[in-house]
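Labels below follow one simple rule: chain letters A, B, ... track the order of the sequence lines, proteins then strands, and each chain is numbered from 1. The shown structure was predicted, so the numbers you read here are calculated from the model rather than taken from an experiment.
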Protein chains: 2
Amino acid sequence: MAVTMNDVARAAGVSLKTVSNVLNDYEFIRPATKQRVQDAIAELGYEANLTARSLRSGKTRMLGLVLSDLSAPYYAELASRLMKAAAQRGYRVLVEQSDAVADVELNALQGPFRQLTDGLLFTPLIIDAEAIAARLGKKPLVMLGEHILDPRFDLVTMKNEEAAAALTAHLLAAGRRRVAVIGARPEESTGSPGLRLNGYRKALEQAGVPFDPALIAPCEWRRDNGAAAVAALLDRGVKFDAVFGLNDVLALGAMHELLIRGVRVPDEVAVAGFDDIDEARFASPSLTTVSPGMEEIAERSIALLLDRIEGQETNSQGVHVEAGFQLKIRESAP
Amino acid sequence: MAVTMNDVARAAGVSLKTVSNVLNDYEFIRPATKQRVQDAIAELGYEANLTARSLRSGKTRMLGLVLSDLSAPYYAELASRLMKAAAQRGYRVLVEQSDAVADVELNALQGPFRQLTDGLLFTPLIIDAEAIAARLGKKPLVMLGEHILDPRFDLVTMKNEEAAAALTAHLLAAGRRRVAVIGARPEESTGSPGLRLNGYRKALEQAGVPFDPALIAPCEWRRDNGAAAVAALLDRGVKFDAVFGLNDVLALGAMHELLIRGVRVPDEVAVAGFDDIDEARFASPSLTTVSPGMEEIAERSIALLLDRIEGQETNSQGVHVEAGFQLKIRESAP
DNA sequence: CCCATCTTCTGCAACGATGTATGCCAGGAA
DNA sequence: TTCCTGGCATACATCGTTGCAGAAGATGGG
C-alpha cells in the first residue's frame with residue numbers, strides 16, 4: 001500500500017486536512033507546522049495520488065492531442081515540441097491518432113479521451129465545424145491546422161496561403177513556368193491543401209503565368225503518394241519544370257521518383273516542399289521549403305489552451321493565432 | 001454536471017450497485033433488469049467516469065512509454081505502432097520524453113508518471129540496471145532496446161549483433177574493405193551502439209578484414225552528427241569505401257555530407273543504415289539498411305506488458321523476446 | 001475588559017465508482 | 001412443513017483527495 005495523506009498526518013501529528021493545506025500552499029499555516037508536515041512527507045516518501053486528486057478536483061493536468069498519424073514527421077516533431085511546452089507548465093500530453101477516420105475524431109471530442117484531459121489540441125481532418133460545435137463540451141478546445149476556420153473556435157495556424165504564394169513566387173522568379181502541385185485536394189478551398197493551392201494560384205496570377213489544371217495532382221499526404229503522383233504525371237507526358245509538394249514528405253517522395261527516372265533536380269525540375277521537417281535539410285539535394293514556425297505554433301497553442309483552462313482567457317469568441325513563416329531556399333530549388 | 005451511475009440507477013429504478021453490475025458484466029442479472037439499465041444508460045447518455053473507476057480499482061488502463069525523443073523518426077514510428085497495438089486491446093499510451101536525461105528516466109520509474117500508468121515500456125539510455133532494480137515497484141515494466149540486458153527484467157529487443165554483422169558482411173561481400181562506423185560508443189559493449197559495433201567487428205573477423213579504430217566515429221544519434229562525423233573523417237584524410245551509420249538518420253546525415261562534397265554514393269562510398277525508417281526507401285539514393293521487425297517489436301512488447309498487467313504471465317524471471325530482422329538492400333549499397 | 005477580526009487548524013462531506021456482505025425470494029430436497 | 005441452495009438485488013464501506021464550515025486561540029481597537 002502506498003503512503004497516504006493520512007499516514008503523513010499521523011506522523012506529523014496534525015490533521016489530514018492540514019497536510020492537504022500544506023500541499024496546496026494554503027496561506028495560514030505556522031512555519032513550524034509546515035516544516036513538520038514537510039519532514040513527514042520526506043521521511044515517508046509520500047506522493048500525492050493523482051487519481052484521487054483528479055476525482056476530487058475534476059482536473060487531470062493532461063492535455064489531449066488529436067492528430068492523424070504520429071509517425072508522419074511533421075506531426076512527430078509537433079507532438080514532441082507540444083509535449084515539451086506542456087511539461088514546462090506542469091501538464092502532460094495524451095496523444096490520440098485518428099488515422100483521419102471520422103469516428104475517431106468524433107469520439108475524441110466527447111468520449112473517454114475528452115474525460116481524461118483538461119483541454120484538447122485538435123487537428124481535424126475529416127469532420128466539419130458543425131460536427132465539432134455540436135459536440136463542444138465545457139472543456140477548452142484549440143484547433144490546430146486550418147481544416148476549420150470558424151470564428152467560434154480558438155485556432156492556431158500558419159500562414160498557409162502567404163507562404164505558399166511566396167514559395168511559388170520564388171520558383172517563378174527562378175524562371176520556372178510549369179509548376180506541378182502534388183497533394184492538392186481541388187474540391188476543398190479550406191484546409192492546408194486548399195489554402196496552399198490558393199497561394200500557388202495567387203502567385204501565378206501575380207506573375208501572369210496561366211494556371212494549368214493538368215499540373216495539379218491530388219493525393220494523400222504520404223511519401224509514396226508523392227512518388228506515385230510524379231510518376232503518373234511523367235507517364236502521362238505532362239511537361240513541368242518544377243514540383244511543389246504541398247508538404248515535405250510529398251516533395252521528398254516526388255524528388256525520389258524524379259531522380260530514379262534520371263530527371264535532374266534542380267537542373268531539369270526544381271522541387272519545393274512545405275513544413276521544413278528535419279529531414280529536408282539533409283535530403284540530397286537538400287529541399288527548398290517553408291518553415292512554418294512550428295516552435296511558435298507549439299508554444300502559442302499550449303499557452304492559449306492553458307489560458308483557457310486556467311481561466312485567464314475569457315474571450316467568448318475564438319482567438320485566432322497565426323505564426324510567422326520563413327522561406328528556406330536550398331539546393332532543390334535555388 | 002455529468003450523468004452518474006446514481007442518475008442511471010434512479011432512472012432505471014434499481015440500485016446503484018446493479019448499474020455497476022450491468023456495466024461489469026456480472027453474471028446473475030435478469031435480462032429484463034439488464035435491459036432497463038441499458039436503456040437508461042442510452043437515454044441519459046451515461047459515460048463511466050474513468051477517474052473514479054481508476055481510484056477505486058487502482059487501474060488506469062494507460063501504459064507509459066519512455067523514450068528519449070519522439071521527433072526521432074524511429075521512435076515516432078515505434079510510438080505510433082505501440083499506440084495502435086495498445087488501442088486494440090483497450091489501452092492508451094502516455095509518452096514521456098527523457099531527452100536522455102538521467103533524472104527524467106529515474107522519475108519515470110517511480111514518480112507521478114508511473115502512478116498514471118498500469119505498466120511501463122521503457123527505453124533507458126542513461127541509467128543502469130541497478131538504478132532500475134532499486135526503483136522497481138510492483139507494476140510491470142518491459143524494457144525496449146538493449147541498453148540493459150539483465151535476466152531480472154522483461155525485454156523486447158532486436159537482433160542487433162546478428163543484423164549488424166549481416167549488413168557488414170553484405171558490404172564486405174560487395175568488395176568494400178574500409179567500412180567507417182558512425183555513431184559508435186566504443187566504451188560501451190551493451191546498448192544498441194555497442195551490440196551493433198560488435199556485429200560489425202565479428203563480420204570483419206569472419207571475412208579476415210582487419211579492424212581499424214580510425215574508422216570508428218563516435219557521436220550522438222542525430223542527423224547532423226552523422227554529417228559532422230563524416231566531415232571529420234574526410235577532413236582528417238581517413239580513407240574509407242563504405243559507411244555504416246548505426247542508425248538510419250546517421251547514415252542519411254552521412255550520405256548528405258558525402259554528396260555535398262562530391263563523393264559519389266555508392267560508386268566511391270557505399271552507405272548503409274539501421275532501422276528502415278520510412279524515409280530510407282525514399283532517400284536518394286535509397287538507403288540500404290536493416291529492418292528490425294518493428295511491427296513485431298510493437299506487438300510483442302504490448303502483448304508481454306499486458307500479460308504481466310493482467311496476470312497471465314507469471315514467470316518471475318524476465319522474459320526475453322527477440323524480433324527477427326531483414327536486410328533491405330537498396331541503391332546506397334547494392 | 002469586551003467584542004471583532006485575524007490566524008491557525010480541524011472535521012465532515014463529497015467526488016463517482018467497485019468490493020464485500022448480506023437480504024430476499026423461489027424452488028427442490030428432506 | 002422446514003431447510004437449503006441458487007439467482008438476483010441491495011446497503012454500506014471504501015479508494016485518497018479537496019471544499020466548506022467552523023472552532024479555538026491570538027491580536028487589537030475602543
> Hey, are B:Asp7 and B:Arg10 close enough for a salt bridge, meaning a charged N less than 4.0 Å from a carboxylate O?
Replying inline: yes
> By side-chain contact (heavy atoms from CB on, under 4.5 Å), which residues pair with B:Thr157, not counting sequence neighbours?
Replying inline: B:Glu146, B:Leu155, B:Asn160, B:Glu322
>> Could you tell me how far apart B:Leu116 (CG) and D:dT17 (P) are, to the nearest whole angstrom?
In response: 14 Å
>> Expressed as a whole number of angstroms, how long is the span from A:Gln35:CD to C:dT8:C1'?
In response: 17 Å
>> Please determine whether a side-chain nitrogen of the Lys or Arg among A:Arg308 and A:Asp154 lies less than 4.0 Å from a carboxylate oxygen of the Asp or Glu.
In response: yes
>> Contact list please: residues 36-57 of chain B against DNA chain D, heavy atoms, distance less than 4.0 Å, in numerical order.
In response: B:Leu55, B:Arg56
>> Rounded to whole Å, how long is the line connecting atom CD of A:Gln115 with atom C1' of C:dC15?
In response: 13 Å
> In Å, rounded to the nearest 0.5 Å, how long is the span from CZ of B:Arg135 to CD of B:Glu105?
Replying inline: 11.0 Å
>> Between A:Asp99 and A:Ser68, does the side-chain hydrogen bond (donor to acceptor under 3.5 Å, both in side chains) criterion hold? Intermediate values first, please.
In response: CA-CA 4 Å; A:Asp99 273 322; A:Ser68 62; over 6 Å; no
> Any sub-3.5 Å donor-acceptor pair from A:Glu296's side-chain atoms to A:Gly324's backbone N or O?
Replying inline: yes
>> Let's see if you get this right: which residues in residues 24-33 of chain A place a heavy atom under 4.0 Å from DNA chain D?
In response: A:Asn24
> For A:Lys59 and C:dC15, what is the distance between atoms NZ and P respectively, to the nearest whole Å?
Replying inline: 17 Å
> Quick one: do A:Arg114 and B:Glu47 make a salt bridge, cutoff under 4.0 Å?
Replying inline: no
> What is the distance, rounded to the nearest whole Å, between atom CG of B:Asn6 and atom P of D:dA11?
Replying inline: 11 Å
> Between B:Ser54 and B:Lys59, is there a donor-acceptor pair closer than 3.5 Å when you use the side chain of the first and the backbone of the second?
Replying inline: yes
> In degrees, rounded to 10°, what is the bend between the two ends of the helix from C:dC1-D:dG30 to C:dA30-D:dT1, using five pairs at each?
Replying inline: 60°
> Quick one: do B:Arg92 and A:Glu96 make a salt bridge, cutoff under 4.0 Å?
Replying inline: yes
>> Closer than 3.5 angstrom, by distance alone: can the side chain of B:Asn49 be matched with the main-chain N or O of B:Thr51 as a donor-acceptor pair?
In response: yes
> Does A:Leu120 offer a backbone N or O that forms a donor-acceptor pair with the side chain of A:Thr117 under 3.5 Å?
Replying inline: no
> For residues 13-22 of chain B, which residues have at least one heavy atom under 4.0 Å from DNA chain C?
Replying inline: B:Leu16, B:Lys17, B:Ser20
> For B:Ser80, what residues pass the side-chain contact (heavy atoms from CB on, under 4.5 Å) criterion, not counting sequence neighbours?
Replying inline: A:Asp69, A:Leu70, A:Ser71, A:Gln97, B:Lys84
>> Using salt bridge (Lys or Arg N to Asp or Glu O under 4.0 Å), reason through A:Glu310 and A:Arg89 one step at a time and then give a plain yes or no.
In response: CA-CA 12 Å; A:Glu310 290 162 4; A:Arg89 291 146 154 275; 5.5 Å; no
